[in-house]
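See structure below.
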Amino acid sequence: MAQPPIRIAIAGALGRMGRQMVEAVQADPRLALAARFHRPDSVGDGLVSRDEALAMADVVIDFTTPAASADLARVSANRGGPALVIGSTGFDAAELADIADAAKTVPIVRSGSFSLGLNMLVGLVEQAARAFAPEDWDAEIFEAHHRHKIDAPSGTALMLGQAVAGGRGAELDAVARRVRDGVTGARPAGEIGFAVVRGGSIVGEHSVSFCAEGELVTLSHAAGDRIMFARGAIAAALWVSGRPPGEYDMRDVLGFDR
């Protein structure tokens, strides 16, 4: 007997990714678009309240803001579901703690990027960081996004930074250099630098360069269309439905060795 479609609610349904997700869910026969909701004061156009949407859904896909996502996680945990797929970025420590606490009750997939290619890049970067000694190889992360993006560095750039730091056995916060301005002095060994561009309609570009005396290795990824993020979020929704509580990421969804 065929499985019934998984009921999906879209948070931030009027936003760029929200609209993309609505189209992608409607096009997938494995899913049913159960509800769309936006800000509390957003009404009409088929929107429902957040509480109504949670009651109708097996999984909520959420590309909104850190504060809204953390609040959504708390509310979902308090009512015992539904599962969540969270693609917001720019969380502070308190918001991450709220999501981790909610994941004790409901399954949550949270990722700085839902792109298969980008998550492959993360794995390759971690392998390179293990092989390239930080005393000899400087690591620099570059990212570029459209002018409307509100957080910097991007969540994906921070994922890549975590991959470099993890490969080196370091804590990212202890070695990250997010801004260079003025007379900064010589670069310390082991530092992980970030460079950010915001402009136009750039969907997303990321690269990690390992720089040594006489040679340069660059690993990169470019996003051409937001549909790739929608495809990844759908894969995450299909995977997380019915999972036990826990905080997961795309490497779990894709079955990568951890």
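Just so it is clear, the structure is predicted and the values come from calculations on it, not from any experiment. Position 1 is the first residue of the sequence; numbering continues from there.
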* Side-chain contact test, heavy atoms from C-beta onward, threshold under 4.5 Å: evaluate it for Arg19 versus Val22 and give yes or no. => no

* May I ask you to check whether over 12 heavy atoms, not counting those of Arg39, lie within 6.0 Å of atom CZ? => no

* Structure fact -> Value for CG (Leu172) from CD (Gln162), rounded to nearest 0.5 Å, stands at 4.5 Å

* **For the student: nearest non-hydrogen atoms of Thr156 and Ser113, plus distance** => OG1-CB, 3.3 Å

* Quick one: pull up CG in Leu124 and CD in Gln127 and give me the separation to the nearest 0.5 Å. => 6.0 Å

* Take Val197 and Phe142, measure what side chain to side chain contact (heavy atoms under 4.5 Å, CB included) needs, and give me the verdict at the end. => CA-CA 8 Å; Val197 168; Phe142 166 86; 3.7 Å; yes

* Say whether Ile86 and Leu254 are linked into one hydrophobic cluster, either directly or through other cluster members, by side-chain heavy-atom distances under 4.5 angstrom. => no

* **Ser209 versus Thr218, side-chain donor and acceptor atoms under 3.5 Å** => yes

Just distance, no hydrogens or angles: give the donor-acceptor pairs under 3.5 Å from side chains in residues 185-194, sequence neighbours left out.
{"residue": "Arg187", "atom": "NE", "partner": "Asp138", "partner atom": "OD1", "Å": "3.4"}
{"residue": "Arg187", "atom": "NH1", "partner": "Glu140", "partner atom": "OE2", "Å": "2.3"}
{"residue": "Arg187", "atom": "NH2", "partner": "Ala139", "partner atom": "O", "Å": "2.8"}
{"residue": "Arg187", "atom": "NH2", "partner": "Glu140", "partner atom": "OE2", "Å": "3.4"}
{"residue": "Arg187", "atom": "NH2", "partner": "Glu191", "partner atom": "O", "Å": "2.6"}
{"residue": "Glu191", "atom": "OE1", "partner": "Arg177", "partner atom": "NE", "Å": "3.3"}
{"residue": "Glu191", "atom": "OE1", "partner": "Arg177", "partner atom": "NH2", "Å": "3.2"}
{"residue": "Glu191", "atom": "OE2", "partner": "Arg180", "partner atom": "NH2", "Å": "2.8"}

* Can Ile108 be reached from Trp239 by stepping across I, L, V, M, F, W or Y side chains whose heavy atoms are under 4.5 Å apart? -> no

* **Min side-chain heavy-atom separation Met159-Asn119 under 4.5 Å** => yes

* Between Phe229 and Phe114, is the gap from one ring center to the other below 6.0 Å? -> no

* May I ask you to check whether His148 and Arg16 show a side-chain donor-acceptor distance below 3.5 Å? => yes

* State, without any angle test, whether Asp249 and Ser111 hold a side-chain donor-acceptor pair at a distance under 3.5 Å. => no

* To do: Ignoring hydrogens and angles, tell me if any N or O in the side chain of Glu215 forms a donor-acceptor pair with the backbone of Ala212 under 3.5 Å.
  => no

* Structure fact -> Note: Pro245 and Thr105 closest approach over all heavy atoms is CG-O, 3.3 Å

* Given side chain to side chain contact (heavy atoms under 4.5 Å, CB included), test His221 with Ser115 step by step and report yes or no. => CA-CA 10 Å; His221 177 271; Ser115 158; 3.5 Å; yes

* Asked: Hey, what do you get for CD1 (Ile61) to CD1 (Ile10), rounding to the nearest 0.5 Å?
  -> 4.5 Å

* Asked: Just by distance, do the side chain of Asn78 and the backbone of Arg74 share a donor-acceptor pair under 3.5 Å?
  -> yes

* Kindly compute the distance separating CZ (Arg50) from CG (Asp62), expressed to the nearest 0.5 Å. => 10.0 Å

* State plainly whether one hydrophobic cluster holds both Met17 and Val203, where clusters connect Ile, Leu, Val, Met, Phe, Trp and Tyr through side-chain heavy atoms under 4.5 angstrom apart. => yes

* Rounded to the nearest 0.5 Å, what's the gap from CG on Leu216 to CZ on Phe210? Could you check? => 10.5 Å

* Asked: At their closest point, which heavy atom of Asp58 faces which heavy atom of Pro5, and how far apart are they?
  -> OD2-O, 4.4 Å

* Asked: Do Leu158 and Val208 belong together in a cluster built from hydrophobic side chains that touch within less than 4.5 Å?
  -> yes

* Between Ser49 and Asp51, does any side-chain donor sit less than 3.5 Å from a side-chain acceptor? -> no

* **Charged N-O contact under 4.0 Å between Glu126 and Arg168** => no

* Start with the C-alpha distance between Val85 and Val60, add both sets of side-chain angles, then the distance that settles side chain to side chain contact (heavy atoms under 4.5 Å, CB included), and finish with yes or no. => CA-CA 6 Å; Val85 172; Val60 177; over 6 Å; no

* Asked: Of the non-hydrogen atoms in Ala236 and Met250, which two are nearest, and what is the gap between them?
  -> CB-SD, 4.2 Å

* Have His206 and Ser154 got a donor and an acceptor in their side chains that come within less than 3.5 Å? -> yes

* **Non-hydrogen side-chain atoms of Arg198 and Ile150 separated by less than 4.5 Å** => no

* Asked: Which atom pair, heavy atoms only, marks the closest approach of Ala55 to Arg79?
  -> CA-NH2, 3.6 Å

* Is there a side-chain contact between Met56 and Val48 (heavy atoms, below 4.5 Å)? -> yes

* Asked: So does Met228 have more than 12 non-hydrogen atoms from other groups sitting under 6.0 Å from CE?
  -> yes

* With distance as the sole test, does Arg36 use its side chain to make a donor-acceptor pair with the main-chain N or O of Asp45 at under 3.5 Å? -> yes

* To do: Just say parallel, tilted or perpendicular for the rings of Trp137 and Phe132, cut-offs at 30° and 60°.
  => parallel

* Validation row: Val253, Tyr248 side chains within 4.5 angstrom (heavy atoms) -> no

* Asked: Does a side-chain heavy-atom distance below 4.5 Å link Arg110 with Leu96?
  -> yes

* **Donor on one side chain, acceptor on other, Ser69 and Ser88, under 3.5 Å** => yes

* Any side-chain heavy atom of Leu84 sitting closer than 4.5 Å to one from Leu72? -> yes

* Between CG on residue Leu31 and CE on residue Met21, distance to nearest 0.5 Å -> 8.0 Å

* To do: Walk me through it: do Ile6 and Arg30 pass the test side chain to side chain contact (heavy atoms under 4.5 Å, CB included)?
  => CA-CA 6 Å; Ile6 296 170; Arg30 299 169 296 177; over 6 Å; no

* Between Ala13 and Leu47, what is the shortest heavy-atom contact and its length? -> CB-CD2, 4.2 Å

* Asked: Do the side chains of Ile8 and Leu54 join up, straight or via other hydrophobic residues, at under 4.5 Å, putting them in one cluster?
  -> no

* Lys149 versus Thr89: any side-chain heavy-atom pair under 4.5 Å? -> yes

